[in-house]
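Beneath this line is the structure, given in structure tokens, with notes to follow.
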Protein chains: 2
Amino acid sequence: MIKSFLEEQHLKNTITIQTIAKALQVSVSTVSKALNDSHEISQETKDKILAYAREYDYSPNPYASGLRSKKSKTIGVVIPEVGNSFFAAVIKGIESVARKKGYHVLIYLSNESFEKELMILNEFQAGRVDGILISLALETDTFEHIEKLLEKNIPTVFFDRIPHAIEATKVVTNDFELGYRATKHLIQQGCRKIAYLLYRHHQAMSNQRLEGFIKALEETALPFSEENLIDYQNANDKNRLKNALSLHAFDGIVISTEELVTPLYAICKQLKINIPAQLKVLSFCDFPLATVLTPTLTTIKHPAFQMGETSAISLFKKIEKPRQNTHPETLVLASEIIERESTERTF
Amino acid sequence: MIKSFLEEQHLKNTITIQTIAKALQVSVSTVSKALNDSHEISQETKDKILAYAREYDYSPNPYASGLRSKKSKTIGVVIPEVGNSFFAAVIKGIESVARKKGYHVLIYLSNESFEKELMILNEFQAGRVDGILISLALETDTFEHIEKLLEKNIPTVFFDRIPHAIEATKVVTNDFELGYRATKHLIQQGCRKIAYLLYRHHQAMSNQRLEGFIKALEETALPFSEENLIDYQNANDKNRLKNALSLHAFDGIVISTEELVTPLYAICKQLKINIPAQLKVLSFCDFPLATVLTPTLTTIKHPAFQMGETSAISLFKKIEKPRQNTHPETLVLASEIIERESTERTF
DNA sequence: TTGAAAGCGCTAACAG
DNA sequence: CTGTTAGCGCTTTCAA
């Protein structure tokens, strides 16, 4: 009778803790404890159970254990975009530490949409994940959903695109400083009319890089106005970018995100704008191709992998000691300017 | 008394179906059915319950419903690599259809490791996901784990890097043809000694692109030997690539994956090999930067987003009618060569 | 060192 | 149309 039960289980491929218990003539709780390496089970019994489990590829039902233990051994990662070298590398960093901890990583894409970010965070509230790592969507300019999330005390760490006004654990780069130094670098190389090219600018969202840009200009008594800002909303804005470049005779440009390198290089080629002779170019970007572009591109490359690692480590710290309501800290990772041909001094 | 129970629930932020039931003085099953929009509940009751649920941001516990219904409303996606434009776009395609279907997407990275792929698939067997979308790791050259997976009857669709020897639902590009045509293109442009640059070659893994390459050479009575194959295992092989290029005087090269474009361009620059005059270059690759490289790069760009969509649609078809054990089909998506400067005729 | 039993939140018979 | 109830597979007291 027991035999036939087991056969049925294997046929249905539904091997559970009970299958093992029956097969080995022990109780389910013994099996459970053995599988969780509890100290109250004898080595002998453990070995027997583990051997059986391994043989039949037992793997616990995550929904059952999640329901019972209120722990999912899963963290949720919300990013605005894949297809972006920076976020890709961050994910790798996160993965590498999650794996060591035996956690699963659930990746969600907000696609820069506030609406979607909202939905995702809402679902997290029901306990699908033990902790959250999030970088905000560009569209996000209101933060009630974030506050609601934090109220639920789900361990959360923000990285890169963070809600400045909210007190929370955050991991960022020294964006203000980088924006400032990037601009200073262009100025040092002789630029006097510098554009700042950004992607889908939102007035409401604080932009440290841009602040740094503005400060550098002002410090050097260079005028800053809306003219210096080129806001690239989508591929249609290629013409607007083209016009801006031909109208204003910029001699330097800071590209704030890697997606905009291609259109900028394309337009310069088309308009026969010589980089760096006529226009010096510097970009925040992470792809290795920067080193083989013509001219090679001066970049600010973030420690993306490290940011993933740091964020994840910080999150696990919170998950592991939830009562530690210490003052939330903001970790700042440094990144550096890598000078290449596109900002070489020519005049 | 009821009041205080509710207060407690809201304090603990644990709003469940029972909270709602008590608050509204109905039974849990009524609530459950109402939330699932069952026809057996009156509109009036539904409205009442939905209103309450919305007000208090109720969101069902995925572990409870997963356990009970044996459905997780989640699909698992296994890819070998992020930071690769192709897979990034595939993910977007998958996401877009999963979202429409109300499914979650669990993304796993195998990092090209067989070991990791094995672990991931093993965990899927316990029912964490309702279906699986997978592209194999480069290291994978044995397929028992795949067969075991398929035996469990978990709906699975393979894409791009597929197990050729196994009968299953697959979505691919016309790789053999593309390898063939890519090579033919180089030959037409005048190349007579063509290299094939690939990433971590495994003899055991069938490689349709390479087969196409070989066929094109043989058809043209050009000799094919191991010399034509440059196997790039890791960044250290940069020197090997350099040597191969300077020793063998290739006049054409097929790059089989986008990661290798940067090293190739870098080395050509360093060795002052003129593209396309001395060496014509063509790459399988998906990044937009191909259009601004110098010279612009002839590419074979896959319909990556569409591949994600197609795979997902195909998977949901299987999930929705599991008993449909029809003959598994292989969908072939076409992609085209986009000719640019790097393969222009010069001699 | 082991086992019995309760119950996590939800769904789905089945009964009313 | 609504309610009662029995589990899903697992963990975790508590008792033996």
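No experiment lies behind these values; they were computed from the predicted model shown. Numbers restart at 1 for each chain; the letters A, B, ... are given by sequence-line order, proteins then strands.
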* pair I79(B)-L109(B): side-chain heavy atoms closer than 4.5 Å -> yes

* Interatomic distance where NZ belongs to K22(B) and P belongs to dC10(C) [whole Å] -> 13 Å

* To do: Assign each of S65(A) and K46(B) to its nearest nucleotide of DNA chain D by heavy atoms, then name whichever residue's nucleotide is nearer the 5' end.
  => K46(B)

* For dC10(C), does OP1 or OP2 lie under 4.0 Å from any side-chain N or O of S29(B)? -> no

* SB check R161(A) E81(A) (cutoff 4.0 Å) -> no

* Nearest nucleotide by nearest heavy atom, which residue falls closer to the 5' end of DNA chain D, L67(B) or T45(B)? -> T45(B)

* Give the rounded distance in Å between these two atoms: CZ of R68(A) and P of dA5(C). => 16 Å

* Asked: Are T30(A) and dT2(C) close enough that a side-chain N or O sits under 4.0 Å from OP1 or OP2?
  -> no

* Under-4.0 Å salt bridge between E123(A) and K73(B) -> no

* To do: Could you state the atom-to-atom distance from CG of N61(A) to P of dG9(C) in whole Å?
  => 17 Å

* **Separation of atom NZ in K71(B) from atom C1' in dC10(C), rounded to whole Å** => 14 Å

* Please confirm whether any donor atom in the side chain of S27(A) sits under 3.5 Å from an acceptor in the base of dA4(C), or the reverse. => no

* Between C1' of dA4(C) and CD of E40(A), the distance in whole Å -> 14 Å

* Opening and closing nucleotides of DNA chain D in contact with chain B, under 4.0 Å to non-hydrogen atoms -> dC1(D) to dG9(D)

* Rounded to the nearest Å, what distance is computed from the OH atom of residue Y63(B) to the P atom of nucleotide dT11(C)? -> 16 Å

* To do: Look only at the side chain of T74(A) and the backbone of V129(A), and say whether a donor-acceptor pair between them is shorter than 3.5 Å.
  => no

* Output yes when at least one side-chain N/O atom of S69(B) is less than 4.0 Å from OP1 or OP2 of dT11(C), else no. => no

* To do: Check whether any side-chain N or O of S314(A) sits under 3.5 Å from a backbone N or O of T310(A) as a donor-acceptor pair, and report yes or no.
  => no

* Whole Å only: how far is the NZ atom of K33(A) from the P atom of dA5(C)? -> 14 Å

* Can you check the K70(B) NZ to dC10(C) P distance for me, whole Å? -> 17 Å

* Asked: Any donor-acceptor pair under 3.5 Å linking the side chain of T156(B) with the backbone of I154(B)?
  -> yes

* **S72(B) side chain to R128(B) backbone, donor-acceptor under 3.5 Å** => yes

